[in-house]
Amino acid sequence: MLSPATIDVIKQTVPVLQEHGETLTRHFYQRMFTHNPEVKAFFNPAHQQAGTQQRALAGAICAYAQHIDNPAALAGAVELIAQKHASLGIKAEHYPIVGESLLASIREVLGEAATDDIINAWGEAYGVLADLFIQREGQIYQQQEDTYGWEGFKPFLVEKRERCSDNIESFYLCPADGSKLAMHQPGQYLTVRIPLADGTTTMRNYSVSNMPGEPWFRISVKRETGDGAGLPDGVVSSYLHDKLRTGDSIEVAPPAGEFTLELPQEADKPLVFVAGGVGITPLMSMLQVALDESPAQRPIVFIQAALNGAVQPFATELEALEKRYDNLTLHVRFSEPQAGERVAGRCDSEGFVDNTLLDELVGGEKAVWYFCGPTPMLQHMRQLLKQRGVADEDQHFEFFGPAKALD
């Protein structure tokens, strides 16, 4: 428990964090990577270069300060971060490194404004938060061991590769030791670790895109390109697309993540899935479970938004599900269809997802919504659902960063 005096000091720093938060976090990462280069493997350099990691951390620090006297308000954010940490293998010994760099950055960025009272208060507050994460992550590691039979990384073999679209490749991964896979929760992701040319390794998270209970984990990976925007091509996605072949070995950590399917208690309450681009991957696993486990009277709507048919993943798989289940309505919308695709029936409509489309497919029904895709699409969906009066508890999405940034 933090003392009232500490809580008061932390709250007084909120305006400063709102103004200088991103400057602080940029300094923090640069300082930490300089003094402790061994932790760089835990971070995605593309997120660093784009600034998304810094903005996400700045938002999280500010949210912690704002709710320092009501930590329950941050339970969702804590779980998201704890799951991410556990997926990467972050352990208790890493927290002092972060704490030291954070306090040093506060002092160095704020200068004279960073009084001893502020540094001491943030040191105390960080200690409480670190203990919370260490405890929760320890539980996750134990759950992974109990459920899946391993913690950390172990070798998997590529059972097969499968082209999913022009820019997405699916990899079917089986344990190299021949052990049977436990059922993952639909929506969870795996972490893969690959070697780099300099002898180090790097890690990335990829959603499991197949139904639980199959003899493999399927990940469906989009090739990330810099597109001439000054950003590098994706290191891991390029490695998987260009070098990983059937029969090859790859290191995999157990499934993790809090973005998982929870079916409504009401048997006839609709489920609506909205997938943007490669954001469809966790929703594919959710959809198949929802169809198999829902009563026949539950309407299930699946909206797939894609640029065009060339980059539309899982088209054949989705069409097969629609034919098999009478309660599934599938709608494909292309924002920039290629010539003849609408006439050929490759898509059902054109443009972006909007209220007109939602009125047509869902109407005024009280539904539970799951959506995943690029940040602009998530922001757009949040606004649409807000206009429709959808309660926060009926909205489920996966986003890198504080959810309030979408609003």
Fill in: Set of residues satisfying side-chain hydrogen bond (donor to acceptor under 3.5 Å, both in side chains) with respect to E22, sequence neighbours excluded
R26
Fill in: By side-chain hydrogen bond (donor to acceptor under 3.5 Å, both in side chains) - contacts of Q304 (at least two apart)
Q312
Worksheet item: Should F43 and L88 be marked as a side chain to side chain contact (heavy atoms under 4.5 Å, CB included) after you check the CA-CA gap, both sets of side-chain angles, and the distance that decides it?
Response: CA-CA 9 Å; F43 299 89; L88 299 172; over 6 Å; no
Worksheet entry | Ring-face cation of K222 near Y206 (centre distance under 6.0 Å, axis angle within 45°) | no
Donor-acceptor list for residues 270-287 side chains, cut-off 3.5 Å, not counting sequence neighbours:
residue, atom, partner, partner atom, Å
T281, OG1, V278, O, 3.1
S285, OG, H184, NE2, 3.2
S285, OG, N210, O, 3.0

Less than 3.5 Å apart, which donor and acceptor atoms pair up between the side chains of residues 131-142 and the rest of the protein, not counting sequence neighbours?
residue, atom, partner, partner atom, Å
R136, NE, E79, OE1, 2.8
R136, NH1, Q139, OE1, 3.1
R136, NH2, E79, OE2, 2.9
E137, OE1, Y95, OH, 2.9
E137, OE2, H85, ND1, 2.9
E137, OE2, Y95, OH, 2.7
Y141, OH, I90, N, 3.2
Y141, OH, I90, O, 2.6
Q142, NE2, D146, OD1, 2.9

Would you find a donor on one side and an acceptor on the other, under 3.5 Å apart, between the side chain of [X] and the backbone of [Y]?
X	Y	result
T200	L196	no
H396	V368	no
H94	V39	no
R245	D242	yes
H20	V16	no
N327	R298	yes

What are the two closest non-hydrogen atoms of [X] and [Y], and how far apart are they?
X	Y	value
G234	S237	O-OG, 3.5 Å
L17	A65	CD1-CB, 3.8 Å
S294	I300	OG-CD1, 4.1 Å
H67	A73	ND1-CB, 3.7 Å
S165	N167	OG-OD1, 2.8 Å
M183	P212	CE-CB, 3.7 Å

Answer yes or no: is there a side-chain heavy-atom contact under 4.5 Å between [X] and [Y]?
X	Y	answer
V192	F171	no
S349	E360	no
L330	L321	no
L358	I303	yes
E19	L24	no
P195	Y239	yes
K154	D177	yes
N205	K84	yes

Worksheet item: Is the number of heavy atoms from other residues, nucleotides or ligands under 6.0 Å of D326 CG greater than 12?
Response: no
Discussion item. Other residues, nucleotides and ligands only: do more than 12 of their heavy atoms fall within 6.0 Å of CD on E262?
Written reply: no
For [X], salt bridge (charged side-chain N to carboxylate O under 4.0 Å, His left out) partners two or more places apart:
X	answer
D233	none
E224	none
K91	E151
E322	none

Discussion item. Considering only residues two or more places apart or on different chains, which pairs with a residue in residues 121-130 satisfy side chain to side chain donor-acceptor pair (under 3.5 Å)?
Written reply: T6-E124, T13-W122
Ignoring hydrogens and angles, write down the donor-acceptor pairs under 3.5 Å from the side chains of residues 250-260, residues two or more places apart or on other chains.
residue, atom, partner, partner atom, Å
E251, OE1, R193, NE, 2.8
E251, OE1, R193, NH2, 3.3
E251, OE2, R193, NH2, 3.1

Fill in: Pairs satisfying ring-ring contact (aromatic ring centres under 6.0 Å, His included), at least one member in residues 148-169, at least two apart
W150-F156
Item to complete: Please collect all ring-ring contact (aromatic ring centres under 6.0 Å, His included) contacts where either partner lies in residues 318-357, sequence neighbours excluded, each pair once.
Response: none
For [X] and [Y], test the side chains for any donor-to-acceptor distance below 3.5 angstrom and give the result as yes or no.
X	Y	result
Q288	D292	no
Q54	Y29	no
R204	T202	yes
N308	E341	no

Do [X] and [Y] sit within salt-bridge range, that is, some charged N less than 4.0 Å from a carboxylate O?
X	Y	value
D248	K243	no
R388	D394	no
K366	E266	no

Item to complete: Using the side chain to side chain contact (heavy atoms under 4.5 Å, CB included) rule, pick out the option among R163, R218, K160, R161 that qualifies with S170.
Response: R218
Practice prompt. With side chain to side chain contact (heavy atoms under 4.5 Å, CB included) as the test, would you mind laying out the steps for L157 and L173 before giving the verdict?
Written response: CA-CA 6 Å; L157 299 178; L173 308 177; over 6 Å; no
Item to complete: Before giving the answer on side chain to side chain contact (heavy atoms under 4.5 Å, CB included), spell out for Q83 and Y189 the whole-Å C-alpha distance, their side-chain angles and the decisive distance to 0.1 Å.
Response: CA-CA 10 Å; Q83 290 283 345; Y189 52 79; 4.0 Å; yes
